[in-house]
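Quick one: this structure, given as structure tokens, is what I'll be asking you about.
Values below: all heavy atoms of this structure, side chains included; hydrogens, waters and symmetry mates excluded.
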Amino acid sequence: MRENFWERYSLGELNAKEWEALCDGCAQCCLIREVDQNEVTVYNVACELLDIESSRCRDYKNRLKTVPHCHQLTPANIAKYDWLPDTCAYRRIHRGEALPAWHPLLAGTRQRMRKKGITVCLTAVPVNEVPRRKMHQHIIETWSI
């Protein structure tokens, strides 16, 4: 990877390895959410492929085929994903903002972000443990779009 690539290049100029390294691994994008015309609702319920402890997808390569609601972020479509958290490195770089000090590319590990509660590993529950009728009990955030 090129030195400080996140500061020197646009998202569209990143190679595949740099693109993947930009992800901080918070797994917030792996939480179940409902997006309607005017509102986003986020639940502390994890996608069926998320390994909650590691905040990593169990089948990243095949996730788009396996999980219909999974999204593939690209430099061309990142702007439309306004439901991603403000901490998301892809959103931050797209908006011309710096990475936060806890980001693994700066901190060297994911430990700082875990301590700050950025990852979902401490709060998420597996989707197979939450009946649909009880999803309302797991709402963690709602905002208008």
Side-chain angles (χ1 to χ4, degrees), residues 1-36 39-132 134-135 137-143 145:
M1 289 187 289
R2 297 171 287 187
E3 185 177 339
N4 294 351
F5 63 87
W6 59 91
E7 296 174 339
R8 300 171 158 208
Y9 303 98
S10 70
L11 293 175
E13 296 173 309
L14 301 183
N15 63 43
K17 191 170 185 172
E18 292 166 342
W19 177 265
E20 293 300 326
L22 192 55
C23 176
D24 58 34
C26 72
Q28 291 185 51
C29 60
C30 299
L31 295 177
I32 303 298
R33 67 192 69 246
E34 292 177 353
V35 182
D36 68 23
E39 192 172 71
V40 176
T41 302
V42 183
Y43 303 88
N44 71 330
V45 179
C47 164
E48 59 265 28
L49 291 180
L50 184 66
D51 177 331
I52 294 173
E53 176 56 33
S54 69
S55 294
R56 290 301 206 199
C57 184
R58 288 188 188 101
D59 191 10
Y60 186 75
K61 183 178 177 182
N62 298 304
R63 73 194 187 286
L64 300 171
K65 290 181 230 165
T66 308
V67 180
H69 58 271
C70 187
H71 301 276
Q72 182 171 11
L73 302 179
T74 67
N77 72 13
I78 195 70
K80 82 174 194 173
Y81 291 108
D82 55 0
W83 50 261
L84 289 168
D86 287 334
T87 57
C88 175
Y90 298 109
R91 287 192 74 194
R92 294 181 69 89
I93 299 301
H94 173 74
R95 295 185 308 223
E97 299 172 3
L99 294 179
W102 51 257
H103 192 285
L105 286 170
L106 299 175
T109 71
R110 289 192 163 88
Q111 294 307 339
R112 284 178 77 184
M113 62 185 293
R114 278 183 172 237
K115 286 180 183 175
K116 288 187 158 291
I118 305 296
T119 69
V120 303
C121 65
L122 301 175
T123 58
V125 295
V127 69
N128 62 355
E129 292 182 12
V130 182
R132 182 74 185 142
K134 293 191 176 189
M135 283 293 283
Q137 296 172 352
H138 293 270
I139 295 172
I140 56 173
E141 194 169 4
T142 302
W143 67 89
I145 52 174

Is any side-chain heavy atom of Trp102 closer than 4.5 Å to a side-chain heavy atom of Thr87?
->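 They are in side-chain contact.
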
Shortest non-hydrogen contact between Arg58 and Glu48, atoms and distance |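 Shortest heavy-atom separation between Arg58 and Glu48 comes out as NH1-O, 3.2 Å.
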
Minimum heavy-atom distance between His71 and Trp83, given as atom pair plus value |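 Scanning both residues, the minimum pair turns out to be CD2-CZ2, 3.5 Å.
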
Please determine which of His138, Arg33, Glu34 meets the side-chain hydrogen bond (donor to acceptor under 3.5 Å, both in side chains) test together with Tyr43.
->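 That would be Glu34.
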
Write down the atom of Ala98, the atom of Arg92, and the distance for their closest heavy-atom approach.
->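 It is O-NE, 2.7 Å.
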
Any donor-acceptor N/O pair, Glu18 side chain to Arg2 backbone, under 3.5 Å =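 Flag set: sc Glu18 to bb Arg2 pair under 3.5 Å.
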
Side chain to side chain, Leu11 and Leu22, heavy atoms closer than 4.5 Å =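 The answer is yes, as the side chains (C-beta and beyond) meet within the 4.5 Å cut-off.
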
Test item: Leu106 and Trp6 side chains (from C-beta on) under 4.5 Å apart, heavy atoms |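 The answer is yes; the side chains approach within 4.5 Å.
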
Under the 3.5 angstrom rule, does the side chain of Asn44 hit a backbone N or O of Ile140 as a donor-acceptor pair?
->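 Not confirmed, Asn44 side chain does not pair with Ile140 backbone.
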
Can Trp143 and Val42 be said to form a side chain to side chain contact (heavy atoms under 4.5 Å, CB included), step by step?
-> CA-CA 9 Å; Trp143 67 89; Val42 183; 3.5 Å; yes

Before accepting this row, confirm whether a basic side-chain N of the pair Asp59/Lys65 lies closer than 4.0 Å to the acidic partner's carboxylate O.
->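 No, no charged N to carboxylate O under 4.0 Å.
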
Quick one: does Asn4's side chain get under 4.5 Å of Leu105's, heavy atoms only?
->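 In short, these two side chains do not touch, never coming nearer than 4.5 Å.
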
Heavy-atom closest contact (Tyr90 atom, Trp19 atom, distance) =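 Distance-wise, the nearest heavy atoms are OH-O, 2.5 Å.
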
So do Cys23 and Arg56 actually touch side chain to side chain, heavy atoms under 4.5 Å?
->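 A side-chain contact under 4.5 Å exists here.
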
Check whether any side-chain heavy atom of Pro104 lies under 4.5 Å from a side-chain heavy atom of Met113, and answer yes or no.
->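 Pro104 vs Met113: side chains touch.
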
Which value, rounded to the nearest 0.5 Å, describes the distance between Arg114 atom CZ and Gln111 atom CD?
->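 It comes to 6.0 Å.
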
If you round to the nearest 0.5 Å, how far is CG of Leu31 from CD1 of Ile52?
->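 Nearest 0.5 Å value for the CD1-CG distance: 8.5 Å.
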
Looking at Ser55 and Cys121, what are the two nearest heavy atoms and their distance?
->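 In terms of heavy atoms, the two residues are closest at OG-CB, 3.6 Å.
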
Minimum heavy-atom separation for Val67 to Cys47, with atom names?
->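 Minimum heavy-atom contact is CG2-SG, 3.9 Å.
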
For the residue pair Leu73 and Leu84, establish whether any side-chain heavy-atom pair is separated by less than 4.5 Å.
->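 Yes, side chains in contact.
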
Report yes or no: does Glu13 contribute a side-chain atom to a donor-acceptor pair with the main-chain N or O of Ser10 at less than 3.5 Å?
->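 Yes; judged by distance alone, with no hydrogens or angles, the pair exists.
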
Out of curiosity, Thr119 OG1 to Asp24 CG, how far, rounded to the nearest 0.5 Å?
->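 With rounding to 0.5 Å, OG1 (Thr119) is 9.0 Å from CG (Asp24).
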
Spell out, as yes or no, whether a donor-acceptor pair under 3.5 Å connects the side chain of Arg63 to the backbone of Tyr60.
->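 Yes; at least one donor-acceptor contact below 3.5 Å.
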
Go through the structure and list residues passing side chain to side chain donor-acceptor pair (under 3.5 Å) with Thr109, not counting sequence neighbours.
->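 Thr109 satisfies side chain to side chain donor-acceptor pair (under 3.5 Å) with no residue once adjacent residues are dropped.
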
Decide yes or no on salt bridge (Lys or Arg N to Asp or Glu O under 4.0 Å) for Arg95 and Asp86, but give the supporting numbers first.
-> CA-CA 10 Å; Arg95 295 185 308 223; Asp86 287 334; 3.6 Å; yes

Taking C-beta and beyond as the side chain, do Ile32 and His69 meet within less than 4.5 Å on heavy atoms?
->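 Touching, per the 4.5 Å side-chain cut-off.
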
Counting distance only, does the side-chain N/O of Tyr81 pair as donor-acceptor with the main-chain N or O of Arg91 below 3.5 Å?
->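 Here the side-chain-to-backbone pair does not exist.
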
Quick one: do Glu53 and Arg110 make a salt bridge, cutoff under 4.0 Å?
->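 Looking at Glu53 and Arg110, the cut-off is not met.
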
Got a second to check how far Cys70's SG is from Asn62's CG, nearest 0.5 Å?
->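 Going from the SG atom of Cys70 to the CG atom of Asn62 covers 11.0 Å.
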
Can you name the residues that form a side chain to side chain contact (heavy atoms under 4.5 Å, CB included) with Lys80, not counting sequence neighbours?
->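 With neighbours one apart ignored, the set is Asn77.
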
Hey, does the side chain of Gln28 reach the backbone of Ile118 with a donor-acceptor pair shorter than 3.5 angstrom?
->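 Yes, Gln28 side chain to Ile118 backbone: donor-acceptor pair under 3.5 Å.
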
